[in-house]
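Quick one: the structure is below, and I'll ask about it shortly.
Keep in mind the model is a prediction, meaning the values are calculated, not measured. Heads up: numbering here begins at 1 and tracks the sequence.
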Amino acid sequence: MLKTNSKAVNEKIKNIIIECYNDSDDYYGFEGRTMATDYNSICKDIINAFMNEKKNDCQWRANRISKQDLFFDWMQGLPTAFSVSDDIFLHDALEYLGELLEQTETEREKYTTEQAEKTACYLFFRELIKHANKSE
């Protein structure tokens with residue numbers, strides 16, 4: 001099993017983020033807008049899409065929910081801006097996280113479906129925030 005902060009996991013997540021971004025060209029390339037090409041800008045575009053869609057959330061505006069929990073809520077809504085949510089929430093989250101972390105069947109049994117969903121979303125959120133903050 002790979003650790004959640006290993007280079008191999010981060011590289012897998014990076015590749016998934018880039019693939020999802022490129023697959024969502026209708027969302028990011030609307031009205032002639034140029035899509036980002038460098039990874040940090042891609043992450044920033046995704047975070048901006050998330051914040052644009054969730055900035056009016058009552059719990060967020062009242063400071064009763066963290067940005068990470070708000071991201072989890074956004075992912076549950078299956079956003080078109082970030083299609084990996086379909087893989088996590090419409091398919092088997094335990095299987096998805098297991099493949100991401102290269103877990104054995106025994107290791108997968110330690111997670112509930114909800115824990116697997118939250119962990120997978122956390123991994124993507126952490127990677128997106130880290131690189132979005134590096135963008136110009």
*Could you grab the distance from atom SG of Cys20 to atom CD1 of Ile13, nearest 0.5 Å is fine?*
11.5 Å
*Using the side-chain contact (heavy atoms from CB on, under 4.5 Å) rule, take Asn10 and Lys7 through it: C-alpha gap first, then chi angles, then the decisive distance, then the call.*
CA-CA 5 Å; Asn10 290 337; Lys7 285 185 180 185; 5.6 Å; no
*So, do Leu100 and Ile16 sit near enough that their side-chain heavy atoms are less than 4.5 Å apart?*
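A side-chain contact exists here, since the closest heavy-atom pair is under 4.5 Å.
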_Atom pair NZ/CD1 of Lys130 and Ile47 - distance to nearest 0.5 Å_ =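 The CD1 atom of Ile47 is 13.0 Å from NZ of Lys130, to the nearest 0.5 Å.
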*Main-chain N/O of Ser135 paired with Ser41 side-chain donor or acceptor, under 3.5 Å*: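 Such a contact is absent between Ser41 side chain and Ser135 backbone.
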*Salt-bridge present (Glu95, Arg108; N to O < 4.0 Å)*: yes
*Intermediate values then yes/no, ring pair (Phe, Tyr, Trp, His ring centres under 6.0 Å), Phe89 and Phe72*: CA-CA 11 Å; Phe89 291 99; Phe72 181 72; 5.7 Å; yes
*Lys12 bridged to Glu102 by N-O distance under 4.0 Å*: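 Yes, Lys12 and Glu102 are salt-bridged.
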*Checking side-chain contact (heavy atoms from CB on, under 4.5 Å) for the pair Glu107/Thr104: CA distance, chi angles, key distance, verdict?*
CA-CA 5 Å; Glu107 292 166 335; Thr104 65; 3.4 Å; yes
*Give a yes or no on this: more than 12 heavy atoms of other residues, nucleotides or ligands lie within 6.0 Å of atom CZ of Arg61.*
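Incorrect, the count does not exceed 12.
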*asked:* To the closest 0.5 Å, what do you measure between CD1 (Ile65) and SG (Cys58)?
replied: 11.0 Å
*Please collect all salt bridge (charged side-chain N to carboxylate O under 4.0 Å, His left out) contacts where either partner lies in residues 110-119, sequence neighbours excluded, each pair once.*
Glu114-Lys118
*How far apart are the closest heavy atoms of Ala49 and Ala81, and which atoms are they?*
CB-CB, 3.8 Å
_For Cys43, the option from Asn133, Ile129, Leu128, Asp38 that meets side-chain contact (heavy atoms from CB on, under 4.5 Å)_ = Leu128
*asked:* For residues 95-123, which residue pairs pass the ring-ring contact (aromatic ring centres under 6.0 Å, His included) check, not counting sequence neighbours?
replied: none
_To check you understand the geometry: which heavy-atom pair defines the closest contact between Leu2 and Ala8, and what is its length?_
CD1-CB, 3.9 Å
*For Ser85 against Met75, the heavy-atom pair lying closest together*: CB-O, 3.3 Å
_Nearest-0.5 Å distance that lies between atom CG in Asp73 and atom CG in Asp57_ = 6.0 Å
*With rounding to the nearest 0.5 Å, note down the distance linking OG1 in Thr113 to CD1 in Ile88.*
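Separation between the atoms: 13.0 Å.
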_Just so I know, are the side chains of Gln115 and Leu97 near enough to count as touching, which here means a heavy-atom distance under 4.5 Å?_
no
*Intermediate values then yes/no, side chain to side chain donor-acceptor pair (under 3.5 Å), Asp69 and Ser66*: CA-CA 5 Å; Asp69 289 337; Ser66 69; 3.3 Å; yes
*Ile46 and Phe30: same hydrophobic cluster, using ILVMFWY side-chain contacts below 4.5 Å?*
no
*Residue pair Phe82, Tyr27: steps toward the side-chain contact (heavy atoms from CB on, under 4.5 Å) verdict*: CA-CA 9 Å; Phe82 198 46; Tyr27 188 90; over 6 Å; no
*Can you name the closest pair of heavy atoms from Thr112 and Leu94 and give their distance?*
O-CD2, 3.4 Å
*Test log, rule side-chain contact (heavy atoms from CB on, under 4.5 Å), inputs Lys3 and Val9*: CA-CA 8 Å; Lys3 293 187 180 214; Val9 170; over 6 Å; no
*For residues Ile42 and Thr37, report the shortest heavy-atom separation together with the two atoms involved.*
CD1-O, 4.2 Å
*Distance, nearest 0.5 Å, that separates CD1 of Ile18 from NZ of Lys14*: 5.5 Å
*Smallest separation among heavy atoms of Lys54 and Trp60, with atom names*: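 Scanning both residues, the minimum pair turns out to be O-CD1, 4.3 Å.
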*asked:* Checking Phe71 now: which residues fulfil ring pair (Phe, Tyr, Trp, His ring centres under 6.0 Å) with it, not counting sequence neighbours?
replied: Phe50, Trp74, Phe125
